[in-house]
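All ligand and atom numbering here is 1-based and tracks the order in the structure. Index from 1, following the sequence.
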Amino acid sequence: MATQSLEETIARRYTQVLERIAAAAQRAGRRPEAVRLVVVTKGQPVEKALAAVAAGARDLGENYPEEGVQKMAAVHATGLRWHMIGHVQRRKARLVVTHYDWLHSLDRLPLAQRLERLAAEAGRVLPVLLEFNVGGEASKSGWPAWDEAQWEHLLPEVEAVVALPHLAVRGVMTVPPPVSEPERARPFFRRLRRLRDFLARRFPQAAWEELSMGMSADFEVAVEEGATFVRVGTAILGPRPAAPPHAARPHGAFQ
Ligand SMILES: *Cc1c(COP(=O)(O)O)cnc(C)c1O
């Protein structure tokens, strides 16, 4: 059998993931176009990001603000959108405001307030998703949301974020605990959707249409449960090379 080039392999996997998304959407009575595929290029060499773009990818996701900015210098295409999906340290907030189209992982009020100041300075509005921890793992980022009886306590901080004029709250995001089978992630995706519905009733002034959930191992279940963004890395680009020693662990990685 002829060996496939990196470009061919990535193009084939990209198309397969799109087909699986479309099939999952159809099973749930949803339009496939309602789901956007974010190809997660974190930890991957530029060549793989270029191959994904050549295959048609227009939404790319990164965990480290600086790593993404380096890739942006090498990867161009019309209509490319860069998504920050990892934990953002305070001192990296400016990079996010300056370079990224979306922030999926807004996980605390002080970061929101800093982003607000920087976005106001830059004269832009940053679309953001609020990250929630719906699984209860201590290691995960996100506002605590595994106990539905405690959701009321989230409201003051969410209200404060929604009120910031240079952040546009567009929905919610989660990274559920690792599970042995995709089906086991379903309760977490359902909980995130219920939380979104709960917040949308309380704060109708924000647009809560986006549900960012589902990764390589479980994106079809996420689509069945209403995901509008799935974040898929290894299923398209293959395994990530080991992280450089200076890098902190990307959150959600190495599970
Ligand atoms: C790494 C990562 C992904 C992609 O994970 P894969 O298992 O490679 O698909 C998605 N979301 C977040 C937040 C990540 O950190």
query: Around Glu66, counting heavy atoms of other residues, nucleotides and ligands shown, do more than 12 lie under 6.0 Å from its CD?
result: no
query: Of all the heavy atoms in His104, does at least one lie under 4.0 Å from an atom in ligand 1?
result: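 Under 4.0 Å: no for His104.
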field: Pair listing, salt bridge (charged side-chain N to carboxylate O under 4.0 Å, His left out) test, anchored in residues 203-223, at least two apart
entry: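 Every pair satisfying salt bridge (charged side-chain N to carboxylate O under 4.0 Å, His left out) with a residue in residues 203-223: Arg20-Glu220, Arg36-Glu210, Arg170-Glu209, Arg170-Glu210.
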Which atoms of ligand 1 sit under 4.0 Å from any heavy atom of [X]?
X      : answer
Ile85  : 11 (N), 12 (C), 13 (C), 14 (C)
Val232 : 9 (O)
Thr234 : 6 (P), 7 (O), 8 (O), 9 (O)
Arg231 : 4 (C), 9 (O), 10 (C), 11 (N), 12 (C), 13 (C)
Asn63  : 14 (C), 15 (O)
Arg240 : 1 (C), 8 (O)
Ser216 : 6 (P), 7 (O), 8 (O), 9 (O)
Val175 : 13 (C)

message: Using 30° and 60° as the class boundaries, would you call the ring planes of Trp102 and His83 parallel, tilted or perpendicular?
response: parallel
- request: Could you say whether the N/O atoms of Gly233 and ligand 1 ever approach to under 3.5 Å?
  value: yes
Determine the minimum heavy-atom distance between [X] and [Y], stating which atoms define it.
X      : Y      : value
Gly226 : Leu211 : O-CD1, 3.4 Å
Asp107 : Ser141 : OD2-CB, 3.5 Å
Asp101 : Arg124 : O-NH2, 3.9 Å

query: Backbone N or O of Thr41 within a donor-acceptor pair of the Lys71 side chain at under 3.5 Å?
result: yes
- prompt: Under a 4.0 Å heavy-atom limit, does Lys42 contact ligand 1 with its side chain, its backbone, both, or neither?
  reply: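 Just the side chain.
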Distance in Å, Ile10 CD1 paired with Glu47 CD, rounded so as to fall on 0.5 Å steps: 9.5 Å
